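I have placed the structure first, in the form of structure tokens, so that the comments after it can refer back to it.
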Amino acid sequence: MAATEQELARGTWLVTGGCGFIGSEFLRQAHRALPDVRLVNLDSLSYAASPDRVAELEGSPRYRFVKGDISRPADVDAAMTACAQLSGAGGPTALINFAAESHVDRSLFTGMPFVMANTLGVQVLLEAGRKFVEKGVLKRFLQVSTDEVYGDVHEPHRSVETDPIHTSSPYSASKAGGELLVQAFVRSFKFPAIVTRCSNNYGPWHWPEKMIPLFIMRLLQGKKVPVYGDGMQKRDWIHVEDHAAGIMAALLRGQDGEIYNFDGEIEIDNLSLTRKLLSLAQRDESFIEYVKDRPGHDRRYALDSAKAQRELGWRQKWTLEAGLRQTFDWFVAHKSWLDKVLNEEYQSYYKQQYEVR
Ligand SMILES: NC(=O)c1ccc[n+]([C@@H]2O[C@H](COP(=O)([O-])OP(=O)(O)OC[C@H]3O[C@@H](n4cnc5c(N)ncnc54)[C@H](O)[C@@H]3O)[C@@H](O)[C@H]2O)c1
């Protein structure tokens, strides 16, 4: 029988990748909003992780952190045991998979870590999860996926959940592999899973290799920002709080076997977005540096989230103007966090990545 919202909201959730940008927002929201939910965070602490993002949960009797890799069955078993201990029952009621290698540019250097985490890791979670579904313990599995699985979308179409998958980078291909495995489990084993696909996120705590935080950080440092190619690539942006709220809505009120899109209803080309950031930082166009375009760079992503609005009662709250202002102010106020994450690994990645045109 399908899980009820009340049953899920009183359960124990295994959240993977909870020290990442979006997973940590989800953990903070769940911990604040649902006083009966217990949360286990399984994260390998890759370069993109920051435990600071979940500092407010440390010490909570309803929270536990397990360091481990989702592509290693023994680590996943350890997280399942932590769920059983925390719940005093058999294991997790829900499993929400955020863990992934998430940066497209890095996947173009080497795709192997992407396949390991984003495809193999999902298979390991599914196999472990299936045992708990059979025991009647695990009621829902949610796979966090991306709009990039749809590939380039031509004007004026906006991708809907029934559109075919058409991937362009090792990142999007590995994410598509993961969600196809989830769909295979739904079909073959009536596995109670949901897939969500979301557009580009931005907001506080964002790792400064992605466009918005990278540009804010460089402008704050008085440095130029690298714009790919002609800057006319269009993206559909969503504030991370709206995405995490969408995942919560899908988890609690979604239907098994369904896919839900989430976007911010904000479509903008990279150059126009750059100009908004320049204006927030009070810098002029001389701070733009055009760099060689990313290989295989998709020109446009655009999502239609009408299904999520209609069926989950979810709506985006943030406008781009308010969200960028809040994000910019957050980075100004959290300069010490930026200093901490700008380590040697980051510096060598940046040098390798941006070849000036
Ligand atoms: N950032 C976006 O704009 C966006 C948009 C749509 C979907 N998504 C998806 O949302 C999810 C979270 O994205 P994010 O931006 O928070 O990513 P992130 O890179 O900020 O965080 C990923 C987290 O997963 C952990 N991790 C990586 N590999 C792991 C493994 N093998 N085992 C355990 N933990 C591992 C990392 O340590 C990190 O804490 C990803 O699945 C991503 O594909 C992201």
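Both counts, for ligands and for their atoms, begin at 1 and track the order of listing. All values reported here derive from a predicted model rather than from experimental measurement.
No cation-pi contact links Arg235 to Tyr202, judged by a cut-off of 6.0 Å to the six-membered ring centre and 45° from its axis.
Annotation: side-chain hydrogen bond (donor to acceptor under 3.5 Å, both in side chains) contacts of Asn261 (sequence neighbours excluded): Tyr150. The side-chain hydrogen bond (donor to acceptor under 3.5 Å, both in side chains) search around Arg315 returns Glu265, Gln309, not counting sequence neighbours. The salt bridge (charged side-chain N to carboxylate O under 4.0 Å, His left out) test applied to Arg310 returns no partner, not counting sequence neighbours.
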Under a 3.5 Å threshold, I'd like every N/O contact between ligand 1 and protein atoms, with atom names and distance.
unit_1, atom_1, unit_2, atom_2, d
ligand 1, 3 (O), Asn201, N, 2.9
ligand 1, 16 (O), Phe21, N, 3.2
ligand 1, 16 (O), Ile22, N, 2.8
ligand 1, 17 (O), Ser102, OG, 3.3
ligand 1, 19 (O), Ser102, OG, 2.7
ligand 1, 20 (O), Phe21, N, 3.0
ligand 1, 31 (N), Asp69, OD1, 2.8
ligand 1, 32 (N), Ile70, N, 2.9
ligand 1, 34 (N), Ser44, N, 3.1
ligand 1, 34 (N), Ser44, OG, 3.3
ligand 1, 37 (O), Asp43, OD1, 2.6
ligand 1, 37 (O), Ser46, N, 2.9
ligand 1, 37 (O), Ser46, OG, 3.1
ligand 1, 39 (O), Gly20, N, 3.1
ligand 1, 39 (O), Asp43, OD1, 3.3
ligand 1, 39 (O), Asp43, OD2, 2.6
ligand 1, 41 (O), Phe98, O, 3.1
ligand 1, 41 (O), Lys175, NZ, 2.7
ligand 1, 43 (O), Tyr171, OH, 2.6
ligand 1, 43 (O), Lys175, NZ, 3.1

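Trp205 pairs in a ring-ring contact (aromatic ring centres under 6.0 Å, His included) with only one of the listed residues (Phe331, Trp330, Phe21), which is Trp330.
Remark: the Ser199 side chain and the Asp147 side chain contain no N/O donor-acceptor pair separated by less than 3.5 Å.
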